[in-house]
Amino acid sequence: MAGYLLKNCTAVIVDDGKGPVVRRNVDLLTDGSAIVAIGENLAADALRDGTTVQDATGWFVYPGLVNTHHHFFQCFVRNRADLDWTKLSVIEWLDRIYPIFSQLNEECFYHSSVTAMAEMIKHGCTTAFDHQYNFPRHAGKRLIDRQFEAAELFGMRFHAGRGGNTLPKSEGSTIPDEMLETTDEFIADCARLIDTYHDANPFSMRQVVVAPCQPVNCYRETFAESVALARDRGVMMHTHVGEGESPVIHARHGVRTVDYLEELGFAGPDTFYAHCWELTHDELRTMAASGTGVAHCPEPVYLVGAEVTDIPAMAAFGLRIGLGCDGAASNDNSNVMHCLHSAYMLQCLVSSSRAHPVPPPVDFLGYGTTGGASLLGRRDIGRLAPGMAADLFAINTRRMDYVGTRHDPLSLIARVGIGMATDMTMINGRIVWQKGEFPGLDEAKLSADAEAALAAVEF
């Protein structure tokens, strides 16, 4: 793979490890998977053969966004007005939606992954983590294999969270029997996926995360065995925490969720939790002390109508913070850039009632880039600098949408929001989206195939 020279970028968000800064009127050069130079008047005669020169006049160039929590399969149950969070409790909602999830087949999991990845790439996401916890018995065990297939189709950097549920509904979970696995089944397939796909090398395109769905729907042994496997294989761990289950966990185990997982060892620099909106400041301090991170999903906060996640406190206590879309059951899009704007605006909404000030808009860009990279244990993505992966997106700001905003590229996405697809998205040195197209792919056919897979299942 050759490289690209982006000439005359109006602004590039550069970060040499000390925080993002704006460099104006510079060029950016890639070679293969990596960025090799960012500077003025990079010499064309220094380029290797095959380098493509791209006029980037007017472009703001950003590091690729990192999605740290999603459920791709839920793209096939979005825009369902009958599943109305505002009229249902969380338990009532789960009781309605899990039976729908249990009907999906292998083709649904593949095409819903294609659907989610396409939308993410269009909006600047270059690395995606998916928490795939739905394994209906009739769909088989190769669902994450198909997700890796979808990622390869687009050239997306993909971290697969192998989730699972082991506690029967008869013992207090919300999971239909069709979606249940034993702990042994779950752990065995995690090990298979790690052996088959996990690549810990720099610029890796495929990694696996051990990710039991949530403590309320799994046996204690499921989490204990997850810790043992993940630590043995050197992979990350993930689960749902602090989204209404803490009182249930306390009733079952005598402690709330954070302390329960700390006791099991499911915490630390190799671990990140999704949501965490109901956690106390003491629990957040406990997580910060262990190095456990948070994948903040702002969109579900609107739907649940619960507390707005206390991001200012998390930041003040030193927690690692990333951003996630969450699944389409509680967020009907897969747009990480939109989540970045939502996350900032939600904090502004409740700022007067919080003990800590809202972090500046640039910090939310950080949550979506370097923060996400940290949660996934990556040091080669999340920022633009020589030696880093060539993961980036560009916005042509020579439009009416950006008049009056161009003086501050660092705050633009969080504060103003971006209402359209990127002009270009690059992953691992390859352009995967440009001029409204996925190069080499027929979006109309991808869309038709996904709709056909959805239509084949009767909900």
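What you are looking at is a predicted structure, and each value in this text was computed from that prediction instead of being measured. Side-chain atoms are counted along with the backbone in the values below, which use heavy atoms only and exclude waters and symmetry mates.
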Do [X] and [Y] sit within salt-bridge range, that is, some charged N less than 4.0 Å from a carboxylate O?
X	Y	answer
Glu171	Arg252	no
Arg285	Asp282	yes
Glu119	Arg78	yes

Please check if the number of heavy atoms outside [X] that lie under 6.0 Å from its [atom1] is greater than 12.
X	atom1	value
Asn79	CG	no
Arg231	CZ	yes
Glu263	CD	yes
His341	NE2	yes
Arg415	CZ	no

Parallel under 30°, tilted from 30 to 60°, perpendicular over 60°: which one fits the rings of His238 and Phe272?
tilted
For the residue pair Phe73 and Phe135, is the inter-centroid distance of their aromatic rings smaller than 6.0 Å?
no
is_close_aromatic(Phe317, His281), centroid dist under 6.0 Å
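So the answer is yes for these two rings.
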Going by atom types only, do Thr183 and Glu225 share a side-chain donor-acceptor pair under 3.5 Å?
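Per modelled atom types, Thr183 and Glu225 side chains form no pair under 3.5 Å.
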Does NZ or CZ of Arg206 lie under 6.0 Å from the centre of the six-membered ring of Tyr197, at an angle within 45° of the ring axis?
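Relative to the ring axis of Tyr197, which defines the angle, Arg206 lies outside at least one limit.
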From His159, His131, His296, residue fulfilling ring-ring contact (aromatic ring centres under 6.0 Å, His included) relative to His69
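The option that passes is His131.
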Separation of Asp184 CG from Glu221 CD (nearest 0.5 Å):
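Between atom CD of Glu221 and atom CG of Asp184 there are 7.5 Å.
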Please determine whether side chain to side chain contact (heavy atoms under 4.5 Å, CB included) holds for the pair Arg162 and Phe186, giving the CA-CA distance in whole Å, both sets of side-chain angles, and the decisive distance to 0.1 Å.
CA-CA 8 Å; Arg162 206 309 185 175; Phe186 167 66; 3.5 Å; yes
